[in-house]
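Model, not experiment: these values are computed from the prediction. These numbers come from the heavy atoms of this one structure, side chains and all, not from hydrogens, waters or symmetry mates.
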Amino acid sequence: MRIIILLAFFITTSVWSQSGNIKGKITFENGTKAFGASILVSGTQKSAVTDNEGQFEIKGLVYGSYQLKISSMEAKPKSVNVTVSKTSTQLDISVEKEDAKALNEVVIQKKSVKKEIKESGFSVNVIDTQEAAKRNMQTNELLAQSVGVRIRQNGGLGSSVNYNLNGMSGNAIRIFIDGIPISTYGSSFNLNSIPPALIERIEVYKGVIPAHLADDALGGAINVILKKGAKNTLNASVSYGSFNTIQSNFNTTYRDASGFTLKGSGFYNYSDNDYEIWGKFAYNVLPNGQKDPIKAKRFNDAYRSIGGRIEAGFTNVNWADTFLIGFNASDDYNEIQHGQSMSIPYKGRFTESDAKVISLNYSKKDFLVKNLEFSVNSVFSQRGEVLNDTVKWNYNWFGEKALGLRGEPFLTRDGAQQGAPTILHIDNKIFSTRGGLTYTLNKNHRFVFSSMLYSFKRNDYDEMKSKLERDFQEKRDLQKSVLSLAYELDAFNSRLKTNLFGKRYNQKTEQRTPIITTLNGQSSITEQLENNNITYFGYGLATSYFILPKLMFTLSAEKAIRLPSENEIFGNPGENLTSNSSLKPEQSNNLNVGLRFGPYQINHHKFTFNGSGFWRNSTDKIIRQFSIRVNEALQATPSVNLGKAQSLGYEASLEYSNNNRLFITMNMSKFNSLYKTKYDKNGMILENYNKQLPNEPYFTLNGSAQYNFKNIVQQNSELNLYYNLGYVGSFYTTWFEMPIDQTPTQLTHDLGLSYTFPKKQFIVSLDGKNLTNQQVYDNFAVQKPGRAFYVKLNYILNKF
């Protein structure tokens, strides 16, 4: 009873506490609007910044008297006294312009979100999307230009993607949408489906993961923060280019004076992906078994995805900073051209997927008590997938039936392109919820608690199986929970920042598989039950220290755990991934050490340099099984525990800008990734001990340049020119380090331009990718698209 009364008291206090908002407008004496002025409520942590209209809002002030301190690069400092005695108080403030000589002495103290994240001590990249939103770029392409990040894609638009961060790859890298695992949304909603225009920023954590992203991200995490602005805006774009590729998207937000907010976004993507392949990995197998090198177009690789999202609720009101209920729906169609390698082309093998997702997002600062921030994001997803594979003929790379020695069409071994004929229906139900509490004791001490619960249920049904088998459906259940607690210290006037955290991991799995046995002509069915329940603990720290005002040292370390994913345990036929219920969790000791110089400014020149070293020491590393035999026709394979592996490497990046017109960035990453299991189960020395792991590019380099031209053709217009360079060092695809298994060195060049019209509502861009038509490869020497050209139109409406 006491608990109920106490809970009722807290709820009543939260709902009925007397607090109000201050809304205002700041102008200069000549009547012009003061954009970017900072307003600080003296004695509190409340603050705001004026928008393009000079307007601001500060919410959640308890009734009483306050002093507002106003500062701006263009205005003299000013203090204003105000009394909050009602739910909304309106102010009109006039400030005096600062003279030009004094402007050189103005220093903005408030840090951007990007800068705060970079100074947190974690090894992290923060990627802006503002420029990329204007161009024909997929989100994965944007990520690939970031230091230490390698995006590995099995072909063109819509093909499966593998992420590599500092030598850690696969599911060791977790992808999040606003902190929720992207797997919740299904294969039809992925990073290539989310255009940069819908993204606020991308945070890439390498090796050590903060507590608020409570998950088993052993090697790194990519957290995509979607745009959440509450302005009345509309943004839409459409692009068309090579291989009949269409990409389009829109997003819009409406908010009225009461705080009611409505958001909508959508996308449509399509590509034939009929690009050419050639070279030593592209060949037809002749009737006599010989390999005939070819140059041909991919013919069974089309991809289509469509999706939309709508959210409704309230933002920036007394009882919630954010309260939004959302619904996502997405659908895709994906033709499968081949298995793990390009050795045998498929025809007629494809998947169809759909997802329906309901979400709840709530956050509130000063929740129940002052300085306590609460947030919860819950998602329920119903995902469906159908794998269709019933064509019984073998084909060559010209899309023709393969012929035998006598000229007859050549049948596949088991009656379909990959294994036995199947029309497999997979029904997934997923519930994922993430909750967090952050308590700021004072400006130096903060505590963060986060919890994540992930529940996965899967039922399989194959139309091609017998009635006896269909009556006993396969069942796959997985539950995962991660709890984390962190303490954050900010000391010595923010010169030292330290984050200490611990994590608890738990996973339960159960799978029921029907097994048919036939005896004396009579068939019977039994059920094989496999289950598992495991718990692990991890811990870590991240710290940064400013040796000099513009020289920062960072150190981060973590004992990290990675639990096997549902696809690795249960398999995924659409990705030619077979099941492995005996997989063990992967464990790793991760360490990052870094230095950051800058930004240093000399006249109009600005420089920033980042350098870091990293070490990863893994046990029971989970990888996609690869062949130990040269030139084997790889098709479907499971994930396996490799044993011990170690990565040691470094990365560096340089950023340069001149007068906000010329921008140049260069970054490189190099590491070794060595197999460290010396003896097998029988005590025999393993042949591959201390060898570089196959199929992992270990040296990459990226460069980009951008130049802005003002007032080209029209006044107030802007022309941007872009250049990107990408380099990947040669690497082997098998343990046998022979030339035939070597993926060659890759060097690509991209050029692009965008033109912004005077009213800033229309942007037109042109992009040329891989202009020299180089052969580019990723996983298991699967060739990616060659030379391609695209045109894109953006439309932006900021107020309606």
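By the 4.5 Å heavy-atom criterion applied to side chains, Ser123 and Val208 are not counted as neighbours. You'll find the side chain of Ile561 stays beyond 4.5 Å of the side chain of Glu586, heavy atoms only. Side-chain contact between Met552 and Glu119 is present, with at least one heavy-atom pair separated by less than 4.5 Å. Contact annotation: the side chain of Asn377 approaches that of Val379 to within less than 4.5 Å [non-hydrogen atoms, C-beta and beyond].
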Pair Ser673-Ser647, side-chain hydrogen bond (donor to acceptor under 3.5 Å, both in side chains): steps then yes or no = CA-CA 4 Å; Ser673 190; Ser647 294; 3.3 Å; yes

Any chance you could lay out the salt bridge (charged side-chain N to carboxylate O under 4.0 Å, His left out) test for Asp620 and Lys584, step after step, and finish with the verdict?
-> CA-CA 7 Å; Asp620 293 323; Lys584 294 182 290 185; 3.6 Å; yes

Step by step, work out the side-chain hydrogen bond (donor to acceptor under 3.5 Å, both in side chains) result for Ser544 and Thr554.
-> CA-CA 4 Å; Ser544 66; Thr554 61; over 6 Å; no

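Aromatic ring centres of Phe699 and Tyr727 lie closer together than 6.0 Å. Aromatic rings of Phe447 and Tyr439 (six-membered ring for Trp) have centroids beyond the 6.0 Å cut-off, not under it.
Using a 30° and 60° split on the angle between ring planes, Tyr723 and His749 fall in the parallel class, below 30°. Between Phe607 and Tyr656, the two ring planes are tilted [angle within 30° to 60°].
Across Asn592, Val149, Val147, a single residue satisfies side-chain contact (heavy atoms from CB on, under 4.5 Å) together with Glu651, and that is Val147.
Applying the 6.0 Å contact sphere to NZ of Lys606 captures no more than 12 heavy atoms from other residues, nucleotides or ligands.
Under the side chain to side chain donor-acceptor pair (under 3.5 Å) criterion, the residue pairs touching residues 210-220 are Arg174-Asp216, Asp215-Lys480, Asp216-Lys480, with sequence neighbours excluded.
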